[in-house]
Amino acid sequence: MKNAMTKLGLSLAVALTSIAPAALANSGGGMPPANTRPDNIAQVQRGAKLFFNYCVGCHSLQFVRYSRLADDLGLSEDQVMQNLNFTGAKFGDTVVSSMPAADAAVWFGKAPPDLSLEGRSKGPDWVYNYLKSFYVDHSRPLGWNNVVFPGASMPNVLWEMQGSQHATFEPKQKKQEKCSGTPAEGCNNGVREVEVCAEGKTEIDGKCLVHLEVAAAGTQNAQQFDETVRDLTAFLQYAAEPAALQRQKLGAWVVLYLAFFTFLAWLLKKEYWKDVH
Ligand code: HEC
């Protein structure tokens, strides 16, 4: 019995310590982490406001209803309809961009995708870094390119806040590489000359990115803009998994329930063992 109790206590401790990090962990991938808190309602609310001001003109969220937003984000119907709904949709409608997909495809070369599941399919780190990585590139149709998604057909809609970033490139470097094959295949005496970017540098259009730099300042400094993008990312994470908010609330009750029953079991054990010596 004593043994079993220790085991129960131990597994409860393990459950308690593993819940929090698992719920907050973001996917990796070598990029700076988004460090979002999708369980932080204030952050998700700020992100929602940004989304409806800067993104819904092009992107829909076909699995999210305005009414659900009100419930999950603790907002009234009026608050949602006045601050988040600019397309004339009804309270029970899903979030549909006012831009016709066919026109968008002509204007941007590609219809802006629905972002309902983006927070899960690409993951928060990708979204966060993508939104921070636009730079001026006059060779692109809309004048913008992106380091995380080279050739993206989306313009930098947040440039007024971020300022416009310029990219510095360096040419690729020649490097000898071991190979096996014939000279006709480019392999001479077991070595081949290749052109690569230095370790850790991203290749874009045959050049290597050295760094991005804000050339003309925006209305926010770097730290404020990081927060803006973090809020937006948290909102997209929430949109991709609205149940996560409830699940985390439920999780606290489950832990309390377990703790309570451990206590009961302990009382019971004391009662049973009272007379055994
Ligand atoms: C002017 C129209 C427009 C606006 C406004 C806009 N986007 Fe986009 N977005 C696009 C287009 C077009 C693409 C498709 C890019 C491609 O595939 O080349 C895209 C792609 C994306 C992607 C990548 C999707 C994927 O996985 O391929 C994300 C994430 C995204 N947008 C987020 C946002 C966010 C967040 C906002 C608001 C801050 C926003 N967009 C505002 C047009 C827009």
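Order of appearance sets the numbers: ligands from 1, and atoms from 1 within every ligand.
- Using cut-offs of 30° and 60° for the angle between ring planes, the Trp126 and Tyr130 rings count as parallel.
- With respect to Lys207 and Asp205, no salt bridge is recorded, no charged nitrogen being found less than 4.0 Å from a carboxylate O.
- For Asp78 and Ser76, the side-chain atoms include no donor-acceptor pair closer than 3.5 Å.
- Looking only at protein heavy atoms, the nearest one to atom 16 (C) of ligand 1 is Ser153 OG, 3.2 Å.
- Using cut-offs of 30° and 60° for the angle between ring planes, the Phe134 and Trp144 rings count as perpendicular.
- Among all protein heavy atoms, the one lying closest to atom 28 (C) of ligand 1 is Tyr130 CE2, 3.4 Å.
- Protein N/O/S atoms nearer than 2.8 Å to atom 8 (Fe) of ligand 1 total 2.
- In this structure, Ala152 has a heavy atom closer than 4.0 Å to ligand 1.
- Contact annotation: the side chain of Leu232 approaches that of Cys55 to within less than 4.5 Å [non-hydrogen atoms, C-beta and beyond].
- For Asp103, the CG atom is densely surrounded, since the number of other residues' heavy atoms within 6.0 Å is greater than 12.
- Every residue two or more places apart in sequence or in another chain that forms a side-chain hydrogen bond (donor to acceptor under 3.5 Å, both in side chains) with Glu227 is listed here: Arg230.
- Between the CG atom of Leu158 and the CG atom of Leu50 there is a distance of 7.5 Å, given to the nearest 0.5 Å.
- Here the heavy atom of the protein found nearest to atom 27 (O) of ligand 1 is Lys122 NZ, 3.5 Å.
- Near Leu232, meaning under 4.0 Å from any of its heavy atoms, are these atoms of ligand 1: 38 (C).
- Just one of Asp39, Asn40, Asn35 meets the side-chain hydrogen bond (donor to acceptor under 3.5 Å, both in side chains) condition when paired with Arg37; it is Asp39.
- Contacts with ligand 1 closer than 4.0 Å are made by side-chain heavy atoms of Glu118 only, the backbone lying farther away.
- In this structure, OG1 in Thr262 is found 11.0 Å from CG in Leu267, a value given to the nearest 0.5 Å.
- Other residues, nucleotides and ligands place more than 12 heavy atoms under 6.0 Å from the CD atom of Gln176.
- Considering backbone and side-chain atoms alike, Tyr54 places every N or O at 3.5 Å or more from each N or O of ligand 1.
- Each of the following atoms of ligand 1 lies closer than 4.0 Å to a heavy atom of Phe149: 16 (C), 17 (O), 18 (O), 27 (O).
- From the protein, the heavy atom lying nearest to atom 12 (C) of ligand 1 is Lys110 O, 3.4 Å.
- Under a 4.0 Å heavy-atom criterion, Trp107 is not in contact with ligand 1.
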